[in-house]
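All remarks here apply to the structure that follows.
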There are 2 protein chains.
Amino acid sequence: MEKTIPLTDVSLQDTFAAYEQKFKALADQKRLQILNLLCQQESICVCDLADMIDMQQSKLSYHLKILLDADLILKETKGTWSYYTINQKEINHLLSPELCCLFRPTCC
Amino acid sequence: MEKTIPLTDVSLQDTFAAYEQKFKALADQKRLQILNLLCQQESICVCDLADMIDMQQSKLSYHLKILLDADLILKETKGTWSYYTINQKEINHLLSPELCCLFRPTCC
DNA sequence: ACAATTAATCAAAAATATTTGATGAAAAGG
DNA sequence: CCTTTTCATCAAATATTTTTGATTAATTGT
């Protein structure tokens, strides 16, 4: 007979999988620095950000994609420029008020 | 001439490094499941936990060490048993109230 | 039309993290 | 004592993530 798994456990596993992706995105110094900057800046384009954190463009795009896929940042394209902003709602849902000054906007 | 870095930036980098470790510890489904269980249970020993999540002992010890090193859980040894508890203070410092039911104790 | 700029993507290499099974140390119980 | 239980640690194998440099596509300014 097959091993059965309670339905509630299945959806809990899905929940953990979703949080895994978000915490993975947060689990990197460089990405935390990016969030910290986006948190103070309204919106920044890739080339400006590359200057600010001294990181080559392809590497920065890689890290931005990870944050974007985790829904922690948002992207708006204007012409050849890509402007990124922090996803305030998602960050606030995830992180404590104590982390507000570093990563949560509108807080301090 | 050497490139100089402002002092405040140096300590910001240290802060990001510290959070990187904590978010890395959270960035795994199995570890989130462990935290979720510890959150409801006061304290659990390794062998009971191994049964609960169906994971071999050496693997579980590996994951527990990562959570312990990140200060997200605490360990107390009694005889041959190791009992682990959630580090409520640290978890509360890190995660939002919205995540209370999954990972923050005393909340729900 | 052409050259330059912006940024995403790709494949290969390098670096890290995880899994596995075995071993060892410490304590418990007969 | 001797056997069993509990749990941490180790080295090797595997898997995943990150970095790098090159290429591509779209757009801008001349």
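All chains are named by letter (A, B, ...) in the order of the sequence lines, taking the proteins before the strands, and each is independently numbered beginning at 1.
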Looking for any heavy atom pair under 4.0 Å, which part of the strands does [X] touch: base, sugar-phosphate only, or nothing?
X	answer
A:S82	sugar-phosphate
B:I66	sugar-phosphate
B:K78	nothing
B:Y83	nothing
B:K30	nothing
B:T77	nothing
A:L68	nothing

Taking atom [atom2] of [N] as reference, at what distance in whole Å does atom [atom1] of [X] sit?
X	N	atom1	atom2	result
A:L60	D:dT18	CG	C1'	14 Å
A:W81	C:dA8	CH2	P	13 Å
A:L64	C:dT6	CG	P	16 Å
B:Y84	D:dT6	OH	C1'	11 Å
B:E20	C:dT16	CD	C1'	11 Å
B:I34	D:dC7	CD1	P	13 Å
A:L67	D:dT18	CG	C1'	14 Å
A:L26	D:dT17	CG	P	15 Å

- Given that A:M55 and A:G79 both sit by DNA chain D, which one's nearest nucleotide is further toward the 5' end?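 Taking each residue's closest nucleotide, the earlier one in sequence belongs to A:M55.
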- B:Q57 or A:K24, whichever maps to the more 5' nucleotide of DNA chain D: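 The residue whose closest nucleotide sits nearer the 5' end is B:Q57.
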Quick check on [N]: is either OP1 or OP2 less than 4.0 Å from any side-chain nitrogen or oxygen of [X]?
X	N	answer
A:Q56	D:dT20	yes
B:K59	C:dT18	no
A:K65	C:dA7	no
B:S61	D:dA8	yes
A:R31	D:dT17	no
B:H63	C:dT19	yes

- Message: Below 30° counts as parallel, above 60° as perpendicular, anything between as tilted: where do the rings of A:Y19 and B:F103 land?
- Response: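 Geometry flag for B:F103 against A:Y19: perpendicular rings.
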- Query: If you check the A:V46 side chain, which of D:dT20, D:dC7, C:dA8 turns out closest?
  - Reply: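 From the listed options, C:dA8 comes nearest.
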- Message: Can you identify which nucleotide, out of C:dT20, C:dA28, D:dC7, has its nearest atom closest to the B:T80 side chain?
- Response: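 Output: C:dA28.
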- Query: When rounded to the nearest 0.5 angstrom, what distance separates NE2 in A:H63 from CG in A:L49?
  - Reply: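 If we round to the nearest 0.5 Å, A:H63:NE2 and A:L49:CG are 11.5 Å apart.
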- Query: Could B:R31 and A:E20 be called an ion pair, given the rule that one side-chain N must be under 4.0 Å from one carboxylate O?
  - Reply: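 Result for this pair is no, no salt bridge flagged.
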- Decide whether a cation-pi geometry holds between B:K75 and B:Y83; the criteria are a distance under 6.0 Å from NZ or CZ to the six-membered ring centre and an angle within 45° of the ring axis.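 Negative - B:K75 is either too far from the ring of B:Y83 or too far off its axis.
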- Item | Over all atoms of both residues, closest heavy-atom pair of B:A25 and B:L67 |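 Smallest heavy-atom distance, with atoms named: O-CD2, 3.8 Å.
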- Identify the two heavy atoms, one from A:L99 and one from B:L94, that lie closest to each other, and give their separation to 0.1 Å.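 Where A:L99 meets B:L94 most closely, the heavy atoms are CD1-O, 3.6 Å.
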